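Notes for the one structure printed next.
Values in this document were obtained by computation on a predicted structure and should not be read as measured data.
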Amino acid sequence: MTYRSGAALLLATAVLLAFEARVRSQPPAGPIAFPDIARQAGITFHHENGASPEKYLIETMGAGGAWIDYDNDGRLDLYLVNGAATAAYKPARPPRSALYHNNRDGTFSDVTAKAGVAAEGLYGMGVAVGDFDNDGFPDLYVIGYGRSILYRNNGDGTFGDITQKAGVANADKWGSSGAWFDYDRDGWLDLIVVNYVDWSPRNNPACFEQKYRAYCHPNKFHGQPAALFHNNHDGTFTDVSARSRIGAKPGNGLGVVCFDYDGDGWQDVFVANDSMANYLYHNRGDGTFQEVGLESGVAFGEDGRSEAGMGVDAADYDNDGRLDLFVTHLDLEFNRLYRNAGDGTFEDATFLGKLGYQTYHMSGFGARFMDYDNDGWRDLFVANGHVLDNVALFHTDTAYAEKKMMFRNERGKFVSAGDQFGPDFGLPRVSRGAAVADFDNDGDLDILATNNGGEPQLFRNDGGNKRHWIELRLIGARSNRDGVGARVKVVAGSLTQVDERKGGMSYQSAQDPRLHFGLGDAARVDSIEVRWPSGAVDRLSNIPADRELTIKEGGSAR
């Protein structure tokens with residue numbers, strides 16, 4: 001051990017603090033822009049919410065989108081969820097959801113009819129993507145009001161509706177978001193669907209804000225329990241909602257993320273509930289869950305009040321090796337950042353992380369941690385939009401359509417950066433879903449934002465790849481083929497990052513299946529460690545940066 005005098009130690013500490021302050025204040029390497037390229041890319045989709053004078057509650061809550069490489073050509077394709085006709089909305093042409101094929105040149109082609117995934121007649125909300133039958137082709141679960149649809153990927157560019165045979169219709173429920181995850185670690189993906197309230201056209205009271213007719217608050221209705229479907233390995237599922245205790249408590253479920261918050265090797269489930277306590281289901285490893293939201297500190301914010309939980313994500317934002325939580329809420333509430341304390345509890349770090357009042361007048365839905373500038377620290381994107389289309393009449397500081405927000409992570413503190421990304425990023429929209437992916441495989445993360453009653457926005461990241469990066473595609477062998485539940489540790493120079501192949505995330509949306517790590521100035525990765533759900537551990541070392549790496553359980557990589 002080298003001995004230093006007190007004066008020398010103080011001087012060294014001062015130099016180090018000055019260096020850290022200089023690093024924290026450094027902007028991203030060069031300008032970064034997020035132009036909206038949806039139109040020029042050939043995406044002509046329009047979301048039909050069926051807005052009517054009847055103020056049906058379903059009109060304002062959807063819908064999401066998904067990234068899915070359905071044909072395994074190495075480029076992510078795009079699926080967008082749509083609404084449907086209602087008793088108060090009878091369009092001449094029935095709305096349909098849409099699948100767009102990535103043409104590998106920055107454009108997309110509508111292949112919905114050929115693929116057979118229009119979901120016509122379904123008032124859609126969310127979407128989840130996962131290879132439930134382990135055949136190497138991702139399948140599509142479209143979640144909606146009254147029912148949902150499971151499309152099995154046939155591997156030839158088409159899908160088949162196997163909902164009834166599979167037993168996952170989630171009938172007579174208002175499904176919102178869903179996630180594929182292997183809760184019992186048997187090597188097959190199971191399915192969780194979070195359900196919202198028991199609204200129906202027959203149960204549609206007239207509600208008012210001051211003198212104006214408005215959409216009703218969810219407390220006018222009863223909540224519905226989530227549903228958990230166990231994969232039987234033969235193309236069918238068994239509803240284990242009651243047996244597992246996932247369905248033991250009704251909730252106003254909107255967002256869901258499956259992740260291992262306590263590091264015991266079993267994925268847990270967090271559900272964001274609208275205007276009531278959030279739920280955190282601890283996976284007990286025996287096929288059952290225990291709801292621990294209150295004792296873990298994530299049921300409410302630090303003031304003990306319930307909030308309008310909507311979008312969710314989990315990630316290690318402070319690079320301490322533990323996955324933290326983020327939850328979006330309505331205006332006049334705080335989007336909550338929960339820091340994982342490492343002892344089974346979380347602390348409300350909303351103000352410690354400098355988020356606090358930055359989102360107080362916004363209504364957040366889709367949200368993702370994402371390292372947009374590849375500096376090795378996960379930034380935070382939020383898609384905003386109010387639920388009341390006439391809110392400006394009675395809330396002077398609130399608008400229906402709102403701008404997107406990006407918060408740059410400066411070593412665990414978040415600074416608003418959205419105004420730096422060009423005019424498209426700040427255009428007000430009624431946004432709902434947010435799905436993040438490197439759709440053009442250039443090493444930086446792009447953003448899909450879906451907009452209620454409008455066109456989606458596809459924000460291409462221009463300039464975020466000036467720093468180094470690596471993207472990891474996991475393929476399970478004994479574990480589920482998607483590798484959901486795998487914990488990954490990446491060491492590159494002074495950076496050590498941990499992430500997990502999670503289920504769910506954001507709001508009603510499905511994300512890039514690859515894990516993306518910004519590496520800053522490190523041109524090589526010193527080591528990668530993958531802990532698979534099966535218990536196997538693979539380690540790799542001395543890997544060149546700026547590439548996609550496929551890691552197969554058992555140690556092979558390419």
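Residue Asn441 qualifies as enclosed at atom CG: its count of foreign heavy atoms under 6.0 Å is above 12. The local environment of CZ in Arg75 is crowded, with over 12 non-hydrogen atoms from other residues, nucleotides or ligands closer than 6.0 Å. Sparse packing is recorded around NE2 of His222, with 12 or fewer heavy atoms of other residues, nucleotides or ligands lying under 6.0 Å away.
A salt bridge links Lys55 with Asp389: at least one charged nitrogen is closer than 4.0 Å to a carboxylate oxygen. A salt bridge links Asp348 to Arg336: at least one charged side-chain nitrogen sits closer than 4.0 Å to a carboxylate oxygen. Taking a cutoff of 4.0 Å between a charged side-chain nitrogen and a carboxylate oxygen, Glu291 and Lys249 qualify as a salt bridge. For Asp36 and Arg39, the salt-bridge test fails: no basic side-chain N is under 4.0 Å from an acidic carboxylate O. Under 4.0 Å is where a charged nitrogen must lie from a carboxylate oxygen, and between Asp512 and Arg514 at least one such pair does. Note on Lys173 versus Asp198: no salt bridge recorded, every NZ/NE/NH1/NH2 to OD/OE distance being 4.0 Å or above.
The backbone N or O of Ala51 lies less than 3.5 Å from a partner atom in the side chain of Asn49, making a donor-acceptor pair. Looking at Asp139, its side chain does come within 3.5 Å of a backbone N or O of Asn153 through a donor-acceptor pair. Listed for the Ser177 side chain is a donor-acceptor partner under 3.5 Å among the backbone atoms of Leu254.
In terms of heavy atoms, Gly106 sits closest to Ala41 at O-CB, 3.4 Å. In this structure, Phe459 and Phe34 approach most closely via the heavy-atom pair CD2-O, 3.2 Å. Of all heavy-atom pairs between Gly311 and Tyr507, the closest is CA-CB, 4.1 Å. Residue Leu388 comes nearest to Ala214 through the heavy atom pair CD2-CB, 4.3 Å, listed as atom of the first residue, atom of the second, then distance.
Side-chain polar atoms of Gln457 and Asn451 form a donor-acceptor pair below 3.5 angstrom. For the residue pair Gln511 / Arg368, a side-chain donor-acceptor distance below 3.5 Å is found, with atom types taken as modelled. For the 3.5 Å distance criterion, the side chains of Glu307 and Ser275 fail to qualify, holding no donor opposite an acceptor. With hydrogens and angles left out, the side-chain atoms of Tyr372 and Asn461 include no donor and acceptor closer than 3.5 Å. Between the side chains of Lys165 and Thr236, not a single donor N or O lies within less than 3.5 Å of an accepting N or O. Using a 3.5 Å distance cut-off with no hydrogens or angles, the side chains of His516 and Asp371 do not pair a donor with an acceptor. A donor-acceptor contact under 3.5 angstrom links the side chains of Asn103 and Ser109, judged on distance only. When only modelled atom types and interatomic distance are considered, Glu48 and Tyr89 share a side-chain donor-acceptor pair under 3.5 Å.
Residues Tyr279 and Phe270 place their aromatic rings such that the two centres sit no closer than 6.0 Å. Here Phe407 and Phe381 keep their ring centres 6.0 angstrom or further from each other. Note: Phe351 and Tyr357 meet the aromatic proximity criterion, with ring centroids under 6.0 Å apart. The distance between the ring centers of Tyr70 and Tyr79 does not fall below 6.0 angstrom.
In this structure the side chain of Val387 reaches within 4.5 angstrom of the side chain of Phe365, judged on heavy atoms. Between Asn72 and Pro138 there is a side-chain heavy-atom pair separated by less than 4.5 Å.
A side chain to side chain contact (heavy atoms under 4.5 Å, CB included) with Met310 is found for exactly one of Leu330, Val327, Asn335, namely Leu330. If you run side chain to side chain contact (heavy atoms under 4.5 Å, CB included) between His386 and each of Val391, Val430, Asn452, only Val391 comes through. The residue from Ile162, Thr163, Asp161 that alone fulfils the side chain to side chain contact (heavy atoms under 4.5 Å, CB included) condition with Tyr151 is Asp161.
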Worked check of side chain to side chain contact (heavy atoms under 4.5 Å, CB included) between Val197 and Gln224: CA-CA 6 Å; Val197 297; Gln224 298 181 316; 5.7 Å; no

Test log, rule salt bridge (Lys or Arg N to Asp or Glu O under 4.0 Å), inputs Asp462 and Arg460: CA-CA 6 Å; Asp462 289 349; Arg460 186 184 64 210; 2.7 Å; yes

Derivation of the ring pair (Phe, Tyr, Trp, His ring centres under 6.0 Å) call for Tyr56 and Tyr215: CA-CA 7 Å; Tyr56 285 171; Tyr215 293 99; 9.3 Å; no

From CA spacing to verdict: side chain to side chain contact (heavy atoms under 4.5 Å, CB included), Ser431, Lys404: CA-CA 8 Å; Ser431 297; Lys404 314 293 182 296; 3.0 Å; yes

Test log, rule salt bridge (Lys or Arg N to Asp or Glu O under 4.0 Å), inputs Arg96 and Asp110: CA-CA 12 Å; Arg96 64 170 195 169; Asp110 189 332; 2.8 Å; yes

Residue pair Asp190, Ile192: steps toward the side chain to side chain contact (heavy atoms under 4.5 Å, CB included) verdict: CA-CA 7 Å; Asp190 311 297; Ile192 184 171; over 6 Å; no

Worked check of side chain to side chain contact (heavy atoms under 4.5 Å, CB included) between His361 and Leu332: CA-CA 6 Å; His361 288 290; Leu332 308 187; 4.0 Å; yes

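The side-chain tip of Arg378 does not point at the ring of Phe369 from less than 6.0 angstrom away and within 45° of straight on.
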